[in-house]
**Student:** 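My questions all concern the structure below.
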Amino acid sequence: MTLYEELQARGLLAQLTDEKEIADLINAGKATFYIGFDPTADSLHVGHFMALTLMKRLQQAGNKPIALVGGGTAMIGDPSGRTDMRKMMTVETIDHNVECFKKQMSRFIDFSDNKALIVNNADWLRNLNFLEFMRDIGSQFNVNEMLRARCYVNRMEKGLSFLEFSYMLMQSYDFYRLYKDYGCQMQFGGDDQWSNMLGGIDLIRKKEGKDAYAMTINLLLKHDGTKMGKTAGGAVWLDPDKYKPYDFYQYWRNVDDADVLKFLRMMTFLPLEQIDEMDKWEGSQLNEAKRILAYELTSMVHGEDEAKKAEAGAKAVFMGTGSLDTVPSVELKDEDFNENGAIDIITVLVKSGQCSSRSDARRSITKDHSISVGDKKIDDFTYEIKKEDIPEEGLLVKKGKKNIKKIVRA
RNA sequence: GGGCGGUUUCCCGAGUGGCCAAAGGGGACAGACUGUAAAUCUGCUAGCGAUGCUUUCGGUGGUUCGAAUCCACCACCGCCCA
């Protein structure tokens, strides 16, 4: 099976400018391609991770990836598929985010010996001269065409600033620069980037008279079409401090039945034959597939040790076997306890992050009846936990079945 | 630049002087059922020292016993005209 066939079989491919040409180039393992990442936060999230796995698959086949970090484009904000304008970020924030991105990427992609490059478009975008750029690059773009681009449809009703409209020019210019400076002839990315990528191809053709190619991968969507990787608290981050490995594991362990196989194909590096075997599983058997999915992804993102710990923690909580060592814990210091050496349950719930406020905690106790400490259901919001009742290995505080924290004495 | 319309709680969206912490829907969270699934049904969704109190309806100031609702100014946005 060729690399191209594998990408296809994994359900990754969305749109391609020239299927045969792209297949030949990447199968031969000689291609240089790039994927852009705009540093809109101080950590990558699962959507980025998808793109990184694609990058890795191509790199393993001998192709050379360029990870383009958008320190310049982040100053504008990509309007593609959005209904509102992005928040403006300061240069300091952007540069900080760029550094965070670089660190996370290099854990996953091999940048040694020039096997992959990481570049920042701030290097060329931030010092552009407006008039020169407009004469040189802006003149190549046709507004009528741009307005027809599907990525702007949402914004046609809500309004689109010129700043954001010009995003396509910036991304096109990136591609052009990478083509000239690194011989990069392909751009890959999420399917929402299609229009921007085509812009770059046109620019290269107009300026250089040469062909370049674009390929998009399917966005990580659930079977109902909603985006994966979003939770109440925000995105599912790859940074272990922003999103605990245990929670990361649980996130994937809890995907819908209808999505497990799809995600296994798209995200993991397990052989397709093995995944096809799992495809035959049904009903509660799928729990095993989810376990594998969660383990594989946690292992890739946080390392095998963390994956094992997360799995052990899950076993302890849901099967009642094994140690509770890896359940996310909350340390209680001496000053957290009152003069009687006790701490009230509401404070604990807020401290652990399981409830967003004292009122929320109170509701969970008196209305939802969803709080339990150890094995005891708590119905009284004045309930206190005595310091000496917290065993050395910690005490489990549960909100519902899945939201579990362990409190320990500092 | 001119005319008209808009800005509501996580999101959409109702509310045009007291009965408004604000309808309805979505999402999130929780309960039942399950397989740490889905579907379904139910509850819940500003804060707090909690049968009460405090803050919230773009911003500031005003009218009023009382304002999300009325007035003035400001900001931002949309549509139409230029």
Side-chain angles (χ1 to χ4, degrees), chain A residues 79 81-88 152-165 221-236 244 246-264 278-279 281-295 297-298 310-322 324 326-328 338 344-347 349-350 352-372 377-382 384 396-405:
Chain A
R82 290 181 67 98
T83 54
D84 56 342
M85 184 159 163
R86 287 174 192 271
K87 250 201 282 175
M88 286 271 207
Y152 295 133
V153 290
N154 294 332
R155 297 302 292 279
M156 282 305 147
E157 289 161 22
K158 292 261 182 179
L160 180 67
S161 68
F162 189 79
L163 174 79
E164 294 174 280
F165 188 54
L221 298 177
K222 296 189 223 182
H223 64 285
D224 60 4
T226 56
K227 270 189 194 156
M228 197 58 186
K230 293 271 180 227
T231 66
V236 176
K244 297 279 173 227
Y246 177 87
D247 294 324
F248 187 85
Y249 179 93
Q250 283 301 321
Y251 182 79
W252 297 104
R253 178 61 186 79
N254 280 306
V255 298
D256 289 3
D257 281 11
D259 293 322
V260 202
L261 269 297
K262 178 177 165 184
F263 292 163
L264 277 165
M278 292 186 223
D279 210 352
W281 296 352
E282 281 175 13
S284 58
Q285 263 187 305
L286 284 171
N287 275 326
E288 177 60 12
K290 291 180 195 180
R291 209 214 87 233
I292 293 170
L293 175 71
Y295 181 85
L297 294 181
T298 310
E311 191 154 86
K315 266 190 190 150
V317 168
F318 292 100
M319 325 272 219
T321 56
L324 297 169
T326 58
V327 178
N338 62 24
D344 68 289
I345 183 67
I346 288 182
T347 306
L349 288 167
V350 174
S352 70
Q354 285 161 299
C355 293
S356 59
S357 68
R358 300 183 68 81
S359 295
D360 185 35
R362 196 187 275 233
R363 269 194 299 274
S364 296
I365 294 165
T366 57
K367 289 195 168 163
D368 292 346
H369 305 288
S370 60
I371 304 299
S372 55
K377 176 78 72 193
I378 305 299
D379 286 308
D380 171 15
F381 65 79
T382 61
E384 292 190 330
L396 288 189
V397 176
K398 305 190 190 181
K399 180 189 175 198
K401 276 182 297 193
K402 298 182 187 173
N403 192 337
I404 296 169
K405 290 279 160 86

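Residue numbers begin at 1 in each chain, while the letters A, B, ... track the order of the sequences.
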**Student:** Tell me if a side-chain donor or acceptor on Q354(A) pairs with a main-chain N or O of N403(A) at a distance below 3.5 Å.
**Tutor:**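 Yes: the side chain of Q354(A) pairs with the backbone of N403(A).
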**Student:** In whole Å, what separates the C1' atom of G6(B) from that of G58(B)?
**Tutor:**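 Here G6(B) and G58(B) have their C1' atoms 11 Å from each other.
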**Student:** Both S364(A) and V255(A) contact RNA chain B. Which one's nearest nucleotide lies toward the 5' end?
**Tutor:**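 Looking at RNA chain B, the more 5' nearest nucleotide goes with S364(A).
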**Student:** Check whether the side chain of D360(A) and the base of G47(B) form a donor-acceptor pair under 3.5 Å.
**Tutor:** no
**Student:** Between R358(A) and G47(B), does any side-chain N or O lie under 4.0 Å from OP1 or OP2?
**Tutor:**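 Checking G47(B) against R358(A), no side-chain N or O comes under 4.0 Å of OP1 or OP2.
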**Student:** When the C1' atoms of A67(B) and G18(B) are considered, how many whole Å apart are they?
**Tutor:** 10 Å
**Student:** Return the nucleotide paired to G5(B): Watson-Crick means purine N1 to pyrimidine N3 with N6-O4 or O6-N4, wobble means G-U with N1-O2 and O6-N3, both under 3.5 Å.
**Tutor:**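 Across all strands, the one nucleotide that pairs with G5(B) is C77(B).
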**Student:** Between F162(A) (CZ) and C77(B) (C1'), how many Å, whole number?
**Tutor:** 20 Å
**Student:** Round to a whole Å and report the spacing from NZ of K377(A) to C1' of A30(B).
**Tutor:**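 My rounded result for the distance is 10 Å.
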**Student:** Can you tell me the pairing partner of G49(B) across any strand shown, Watson-Crick or G-U wobble, with both distances under 3.5 angstrom?
**Tutor:** none
**Student:** Atom CZ in R363(A), atom CD1 in I371(A): separation rounded to 0.5 Å?
**Tutor:** 12.0 Å
**Student:** Please state how far atom CD in Q354(A) lies from atom P in A28(B), giving the value in whole angstrom units.
**Tutor:** 19 Å
**Student:** For C11(B) and G3(B), measure between their P atoms and round to the nearest Å.
**Tutor:**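 One P to the other, the span is 32 Å.
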**Student:** Is the shortest side-chain N/O distance from S357(A) to OP1 or OP2 of C48(B) below 4.0 Å?
**Tutor:** yes
**Student:** Would you tell me if any nitrogen or oxygen in the side chain of S359(A) comes within less than 4.0 Å of OP1 or OP2 on C48(B)?
**Tutor:**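 Yes, such a contact exists.
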**Student:** Between K290(A) and D257(A), which heavy-atom pair has the shortest distance, and what is it?
**Tutor:**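 Shortest heavy-atom contact: NZ-OD1, 2.7 Å.
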**Student:** Kindly point out which of U36(B), G31(B), G35(B) is positioned nearest to the side chain of S284(A)?
**Tutor:** G35(B)
**Student:** Both distances below 3.5 Å, Watson-Crick or wobble geometry, any strand: find the nucleotide opposite U64(B).
**Tutor:**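 Across all strands, not a single nucleotide pairs with U64(B).
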**Student:** Could you tell me the Watson-Crick or G-U partner of A14(B), where both distances fall under 3.5 Å? Say none if there is no partner.
**Tutor:**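 Check on A14(B): unpaired, no WC or wobble geometry under 3.5 Å.
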**Student:** Any side-chain N or O of R363(A) under 4.0 Å from OP1/OP2 of G47(B)?
**Tutor:** yes
**Student:** A28(B) and A39(B): how far apart are their P atoms, nearest whole angstrom?
**Tutor:**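 Roughly 10 Å separates the two P atoms.
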**Student:** Within this structure, what is the NZ-to-P distance between K315(A) and U36(B), rounded to whole angstrom?
**Tutor:**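 About 14 Å, once rounded to whole Å.
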**Student:** Is a donor on one side and an acceptor on the other found under 3.5 Å between the side chain of K262(A) and the backbone of L221(A)?
**Tutor:** yes
**Student:** Starting at the 5' end of RNA chain B, which residue's closest nucleotide do you reach first, H223(A) or N287(A)?
**Tutor:**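 Checking each residue's closest nucleotide, the 5'-ward one belongs to N287(A).
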**Student:** NZ/K315(A) to CZ/R291(A) distance, rounded to the nearest 0.5 angstrom?
**Tutor:** 7.0 Å
**Student:** When you compare C10(B) with A21(B), how far apart are their C1' atoms, in angstrom units rounded to a whole number?
**Tutor:**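 These two C1' atoms come out 15 Å apart once rounded.
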**Student:** Looking for any heavy atom pair under 4.0 Å, which part of the strands does Q250(A) touch: base, sugar-phosphate only, or nothing?
**Tutor:**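 Here Q250(A) touches the bases of the nucleic acid.
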**Student:** Taking only N and O in the side chain of K222(A), is any of them less than 4.0 Å away from OP1 or OP2 of A37(B)?
**Tutor:**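 The answer is no; no side-chain N or O of K222(A) sits under 4.0 Å from OP1 or OP2.
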**Student:** Rounding to a whole Å, what distance do you find between K262(A):NZ and A37(B):C1'?
**Tutor:** 16 Å
**Student:** Give the nucleotide from the list G49(B), G35(B), A37(B) with an atom nearest to the side chain of R362(A).
**Tutor:** G49(B)
**Student:** When the P atoms of G31(B) and G15(B) are considered, how many whole Å apart are they?
**Tutor:**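 Roughly 37 Å separates the two P atoms.
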**Student:** At what distance, to the nearest 0.5 angstrom, does CD1 of I345(A) lie from CG of D380(A)?
**Tutor:** 10.0 Å
**Student:** Mind checking if V260(A) touches a base, just sugar-phosphate, or nothing, with heavy atoms under 4.0 Å?
**Tutor:** nothing
**Student:** Quick one, I346(A) and I365(A) - any side-chain contact, counting heavy atoms below 4.5 Å?
**Tutor:** yes
**Student:** For atom P, what is the distance between U42(B) and G24(B), given to the nearest Å?
**Tutor:** 14 Å
**Student:** Looking only at the side chain of N403(A) (C-beta and beyond, no hydrogens), which of the listed nucleotides A30(B), U36(B), C44(B) gets closest?
**Tutor:** A30(B)
**Student:** Quickly work out the I404(A) CD1 to U36(B) C1' distance and round it to whole Å.
**Tutor:** 9 Å
**Student:** In whole Å, I'd like the distance from the CD atom of E164(A) to the C1' atom of C77(B).
**Tutor:** 13 Å
**Student:** Give one of base, sugar-phosphate or nothing for A258(A), where a contact means two heavy atoms less than 4.0 Å apart.
**Tutor:** nothing
**Student:** Regarding K290(A), tell me which of base, sugar-phosphate or nothing describes its non-hydrogen contacts under 4.0 Å with the strands shown.
**Tutor:**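 Contact class for K290(A): base.
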**Student:** Please report the distance separating the C1' of U45(B) from the corresponding atom of U9(B), rounded so that it comes out in whole Å.
**Tutor:** 10 Å
**Student:** What is the distance from CG of D256(A) to P of A38(B), rounded to the nearest Å?
**Tutor:** 5 Å
**Student:** Between R358(A) and D344(A), is there a salt bridge with N-O shorter than 4.0 Å?
**Tutor:**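 Judged by the 4.0 Å cut-off on N to carboxylate O distance, D344(A) and R358(A) do form a salt bridge.
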**Student:** Mind checking R253(A) for me? I need base, sugar-phosphate or nothing, with any heavy atom below 4.0 Å counting as a touch.
**Tutor:** base
